[in-house]
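Just so you know, these numbers use all the heavy atoms, side chains as well, and skip hydrogens, waters and symmetry mates. Both counts, for ligands and for their atoms, begin at 1 and track the order of listing. Here the structure is a predicted model, which means the values were calculated and not measured.
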Amino acid sequence: MTFSVHGQAVSRGIAIGRAVLVASSRIDVAHYFITDEQVPEELMRLRNARDGVVAEIARVQQTLKDAAGMEAHHELNALLDVHCMLLQDTQLQDGVKHWVQDRHYNAEWALTSQLEQIAKQFDEMEDPYLRERKADLEQVVERMLRHMRGVASPVPGPAGSAEVATNHEDPLVLVAHDLSPADMLQFKQSVFTGFVTDVGGKTSHTAIVARSMDIPAVVGARTASQLVQQDDWVIIDGDAGVVIVNPSPIVLAEYGFKQRQGEVERERLSRIKNTPAVTLDGERIELLANIEQPQDTTPALSVSAVGVGLFRTEFLFMGRDGKLPDEEEQFQAYRAAVEGMHGLPVTIRTVDVGADKPLDRNVRDDHLNPALGLRAIRWSLSEPAMFLTQLRAVLRAAAHGKVNLLIPMLAHTSEILQVKAMLAKAREQLDERAVVHGPVRVGAMIEIPAAALAVKMFLKHFDFLSIGTNDLIQYTLAIDRVDENVAHLYDPLHPAVLQLVAGTIAECRAQGKGVSVCGEMAGDVTMTRLLLGLGLRSFSMHPSQILPVKQQILRADTRKLRAWAQEVVQSDDPAALLAD
Ligand code: PEP
Ligand code: MG
């Protein structure tokens, strides 16, 4: 049966493929493809985990038997018997084996996928007693997963994932309830041609990583992961934010045509790759890349980015079970990015974890308002040893090329002064060790309304500013950027947002200081003319957006846009003026 699901369009284009469901259970596991050679090893891990849990249960039962008042434990004993039976259940065993052998899922993924399938059957049962057995099944699977966590599991490598591409004949699309940014990074160089998640907003970090992968994506599709079945044919329309499941041949043909049109458009855009980004009236515009890992410098250079405007270093820190990268590891990563850009500047942002970017996917931030909590620079300043380590690594990388240091989420003078003191200390520490380091220009992100309003204060302390519109919108409008329930209120064109952006750009220009936008607004082609009209000359975005934005720049005349842009900012309905 054909049906469609609507969500937020976050990454352009059309993807058509078979659904790969990443289990959405509360049990959070790694998902990756294994190679043919790894299949026996994964099956062995599953067998060991099962046998281990059976033995664990037997031990508990023995203890109960030995204990006085065994009768009191009769019910518990019976429950443990049920658990043992579920563990040996052929539907669980055979299903898991199928995911590993035929689909090359890693053991944990296979186990949770099969759990989802069986759980659905339990949900449909009439008998309440049998329906309740679902919770027992979840418990035994959880036990197996915990057991596996104690056993060394092979680390998924992007190369390994790419290799597996050859094992699948049909293109694959990923469907999940949610994916952490760290999960997304793991999928970055893998086989998927598109993805869908139930949760998330346009500027959630998961969506941002999707855009950097340059594959069609829809987030906030609410119940998609429950409605779509493994192997269903799925069309993802990343422009319209629509997911069509089991399409008819006519619909499939129509989207196939759209997909080819998209390819032709991309091909056409690639012709302006080497054209300088200069407006009709001769204004030279700086087009920079946002990256998450050093290897992203390759796609950045392939579209002629003139530098990196935002290196989100937190991706080096995430999903490591709390073991943070040391100075040497970070230095190697930053140096790789600097060298990768062959002399072009690289802006390294200090770690911005917290809120929707947890350090570890298994550790949920249970503070009431994580986005207003110990995030970004606040966390860095609360962990001085970690922060100094990062600053030293950045300063060392600066000896290998042009490096700018960017500080996220600042609001207070006291924070600014602490950052400066830490930077001086990091230099001192390197001098004491006689380690080579280089000069850095230091900039602040303007992503809290207070910072935008106090821009003069910021300019006293910094060489340049970078406007983080994703958070600036979130905090100005009090809209959680990851919450699909309020996604319709997340409005880059709200007059208050535009006034803060316009004011920041104007003040920087008046003082002759550099200013860029590095939030998603910079890569949104519908905003390019407005930002140019407001005086912005430096845009930082995912490499995939550079050429579409350049096309807008080549057609623009900033002299004609100036008065119009002021009108838009002052308007009660900027969207209407922008559409004209
Ligand atoms: C922003 O907030 O606009 C930004 C660029 O930072 P991030 O998206 O990483 O929070
Ligand atoms: Mg931000």
Contact partition for Arg481 relative to ligand 1, non-hydrogen atoms under 4.0 Å: side chain

Taking the six-membered ring for Trp, are Trp109 and Phe33 closer than 6.0 Å centroid to centroid? yes

Distance filter under 4.0 Å to Arg312 heavy atoms, resulting ligand 1 atoms: 4 (C), 5 (C), 6 (O), 7 (P), 8 (O), 9 (O)

Could you tell me, atom by atom, which parts of ligand 1 come under 4.0 Å of a heavy atom of Asp352? 10 (O)

Which of the atoms of ligand 1 are close to Glu447, meaning less than 4.0 Å from one of its heavy atoms? 1 (C), 2 (O), 4 (C), 6 (O)

Going by the order shown, which atoms of ligand 1 are within less than 4.0 Å of some heavy atom of Cys518? 5 (C)

Whether Glu327 and Arg396 form a salt bridge (side-chain N of Lys/Arg under 4.0 Å from carboxylate O of Asp/Glu) is what I want to check. yes

Which of the atoms of ligand 1 are close to Leu310, meaning less than 4.0 Å from one of its heavy atoms? 5 (C)

Can you confirm, on distance only, whether ligand 1 has an N/O atom lying under 3.5 Å from any N/O atom belonging to Glu520? no

Distance from atom 6 (O) of ligand 1 to nearest protein heavy atom, with residue and atom: Arg349 NH1, 2.9 Å

For the pair Arg211 and Asp214, find out whether any cationic side-chain nitrogen is under 4.0 Å from an anionic carboxylate oxygen. no

Considering only heavy atoms of Ile208, which atoms of ligand 1 have at least one such atom less than 4.0 Å away? 8 (O)

min-distance N/O/S atom, Asp471 vs the Mg ion (ligand 2), resolves to OD2

May I ask whether Met541 places a heavy atom under 4.0 Å from ligand 1? no

Of the options Leu288, Thr347, Ile467, which is the one that meets Ser540 in a side chain to side chain contact (heavy atoms under 4.5 Å, CB included)? Leu288

Ligand-residue contact atoms, ligand 1 with Arg375, heavy atoms, under 4.0 Å: 10 (O)

So, is Glu447 placed with an N/O/S atom under 2.8 Å from the Mg ion (ligand 2), counting both backbone and side chain? yes

heavy-atom search around atom 7 (P) of ligand 1 in the protein gives His205 NE2, 3.3 Å

